[in-house]
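Following: one structure in structure tokens, then a few remarks.
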Amino acid sequence: MFLDLMLKTSKAIHGLFAQEMRMTFDQIPFEFQRVSLKKRINWILAGASTLAKPERAWGWPTQVMIEPTTHCNLRCALCPVTTGMNRPTGHMDFKIFKKVIDEIEDYVLFIMLWNWGEPFLNPSIYDMISYAKERNIKVMSSTNGHPFARGDHPDRLVRSGIDALIFALDGISQETYERYRKGGMIETVIAGIKNVVAAKKALNSRTPYIDLRFMVMKHNEHEIPKLKDFTKSLGVDGLTLKTMNPYDRSLTKEDGNDFLPENPHYQRFNYDPKTHLPIRRKQNPCKSLWDSPVINWDGKVSPCCFDPHNQYVLGDLTRNTFRDIWLGASYREFRRKFRRDCQKVAPCSKCTHAFEGGSFVDSIVESHLVGPP
């Protein structure tokens, strides 16, 4: 614990004086240049907040998840979009996005353009990316790949300046792929990946960093030995293997969860051998309440991405400023309850961080740099 604190302190001191920063998110590398002093100070304050967990955050978030849309062209088996979300659906209006960026641009380092839905179905998605990039904010997103198999999507994506794009491809055959991603065609995804790789080369662009994301499940884990060669043939930059979170389903091993892989290495949680339930952590290490809010398509602000039904909305950006929400009474009360007993706070008691092996850092079990074929 002491060594970990010293390492973080050393990084904080270095970060304060260096305009360049390097870090990884979801095991994807990022390099930040020309980082303003205000952002560097805020990065330190936000990091201190995640350790001390005050009721009133000391800094602004350094990373923000923004939901471009709740619409999707697929019906993935365990996704709330498929099972049904108890909230309105739609595309984020560019005016809301612009308002968000205008209020947080002096502090935030990068944004994740995803939550629930396929981000690239939003007609304004490339305007959103470009607007954030113009303000020196790193942007990453995730896709099921289908939109990039047609039209000018690959060219517009590369020209937007997006820093990283994750392609979700959970199988290397149609049989395994469609087992989870209902309505999807693996040939379409592969075509989309190759189109983006080709556009990147044609425009002589270093970005986006293209990551193939393979979520390991019972029906596809036998394909893992072939993954590296398969990924290399596509010309992407990286390959990451991610564990599955059985969201909105019973967490027991034996309760009809047909997707849980057999190999414990690829299971997200550490399970109690007697109860077959995930082992709870004594302390939830979640940082979202102090450093990573979620802004939904309609401007509603949620504490984290484990609130697909918007049951715990802490503010509305169509009515208030982000500052008023982030420092406001609802956020302070939620942080207070989390500090008092996170096991009694929904959705914190059920989120992935609440269990051993469930933190976002642990959820990527393998990461490989691939490079050109």
Side-chain angles (χ1 to χ4, degrees), residues 24-28 50-51 53 61 63-65 67 76-83 85 112 114-117 140 142 166 168 170 180 211 213-218 220-221 240-272 275-294 296 302-312 314 334-335 337-339 341-367:
T24 61
F25 182 85
D26 249 15
Q27 295 303 310
I28 295 176
T50 63
L51 294 174
K53 294 181 168 45
Q63 57 191 42
V64 177
M65 180 180 291
E67 179 182 73
C76 300
L78 301 180
C79 180
V81 174
T82 301
T83 57
M85 292 192 294
M112 299 85 77
W114 69 60
N115 192 17
W116 305 107
M140 65 184 301
S142 178
I166 297 169
D170 314 314
Y180 180 78
D211 182 76
R213 176 64 49 81
F214 190 90
M215 186 167 65
V216 183
M217 293 171 276
K218 181 184 294 185
N220 68 12
E221 59 185 318
T240 47
L241 277 65
K242 188 170 186 175
T243 57
M244 181 201 69
N245 180 32
Y247 193 84
D248 271 357
R249 298 279 288 269
S250 171
L251 293 175
T252 62
K253 272 189 173 184
E254 301 175 344
D255 191 24
N257 193 342
D258 298 331
F259 296 96
L260 192 70
E262 299 285 351
N263 189 337
H265 177 65
Y266 298 113
Q267 295 173 4
R268 174 161 296 199
F269 306 120
N270 298 331
Y271 290 89
D272 186 303
T275 64
H276 304 290
L277 285 169
I279 300 173
R280 282 193 174 274
R281 296 180 187 269
K282 293 182 179 179
Q283 296 293 329
N284 188 322
C286 182
K287 301 178 181 179
S288 295
L289 286 173
W290 292 270
D291 195 29
S292 185
V294 171
N296 294 301
S302 292
C304 72
C305 59
F306 285 92
D307 183 25
H309 308 295
N310 273 17
Q311 294 175 290
Y312 311 99
L314 300 177
F334 203 97
R335 295 184 187 112
K337 290 180 179 179
F338 182 93
R339 287 185 56 178
D341 190 348
C342 60
Q343 304 291 1
K344 295 181 180 179
V345 179
C348 306
S349 62
K350 297 189 299 181
C351 98
T352 182
H353 290 288
F355 305 97
E356 290 186 8
S359 70
F360 286 150
V361 175
D362 297 329
S363 67
I364 305 295
V365 289
E366 291 183 25
S367 177

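All heavy atoms count here, side chains included; hydrogens, waters and symmetry mates do not. In this chain, residues are counted from 1 in sequence order.
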For [X] versus [Y], what's the shortest heavy-atom pair and its separation?
X: Val294; Y: Cys305; value: CG2-N, 3.4 Å
X: Asp362; Y: Val365; value: O-CG1, 3.8 Å
X: Asn115; Y: Met65; value: OD1-SD, 3.7 Å
X: Leu289; Y: Pro303; value: CD2-CB, 3.7 Å
X: Lys53; Y: Arg339; value: O-CD, 2.6 Å
X: Ser302; Y: Asn296; value: OG-ND2, 3.0 Å

Spacing of [X] atom [atom1] and [Y] atom [atom2] [to the nearest 0.5 Å]:
X: Phe269; Y: Arg280; atom1: CZ; atom2: CZ; answer: 10.0 Å
X: Met112; Y: Phe25; atom1: CE; atom2: CZ; answer: 4.0 Å
X: Ile166; Y: Met140; atom1: CD1; atom2: CE; answer: 4.0 Å
X: Arg213; Y: Thr240; atom1: CZ; atom2: OG1; answer: 3.5 Å
X: Cys348; Y: Asp341; atom1: SG; atom2: CG; answer: 10.5 Å
X: Met215; Y: Tyr266; atom1: CE; atom2: OH; answer: 15.0 Å

[Y] and [X], any side-chain heavy atoms less than 4.5 Å apart:
X: Val216; Y: Glu366; answer: no
X: Asn284; Y: Cys351; answer: yes
X: Asn310; Y: Met85; answer: no

Ignoring hydrogens and geometry, is there a side-chain-to-backbone donor-acceptor pair from [X] to [Y] under 3.5 Å?
X: Gln267; Y: Pro261; answer: yes
X: Asn220; Y: Asp170; answer: yes
X: Arg335; Y: Trp290; answer: no
X: Asn263; Y: His265; answer: yes
X: Arg281; Y: Ala354; answer: no
X: Thr82; Y: Cys76; answer: yes
X: Thr243; Y: Ser363; answer: yes

Using the rule given for side chain to side chain donor-acceptor pair (under 3.5 Å), can you reason through Thr352 versus Arg268, listing the C-alpha separation, both sets of side-chain angles and the distance that settles it, and then say yes or no?
CA-CA 9 Å; Thr352 182; Arg268 174 161 296 199; 3.3 Å; yes
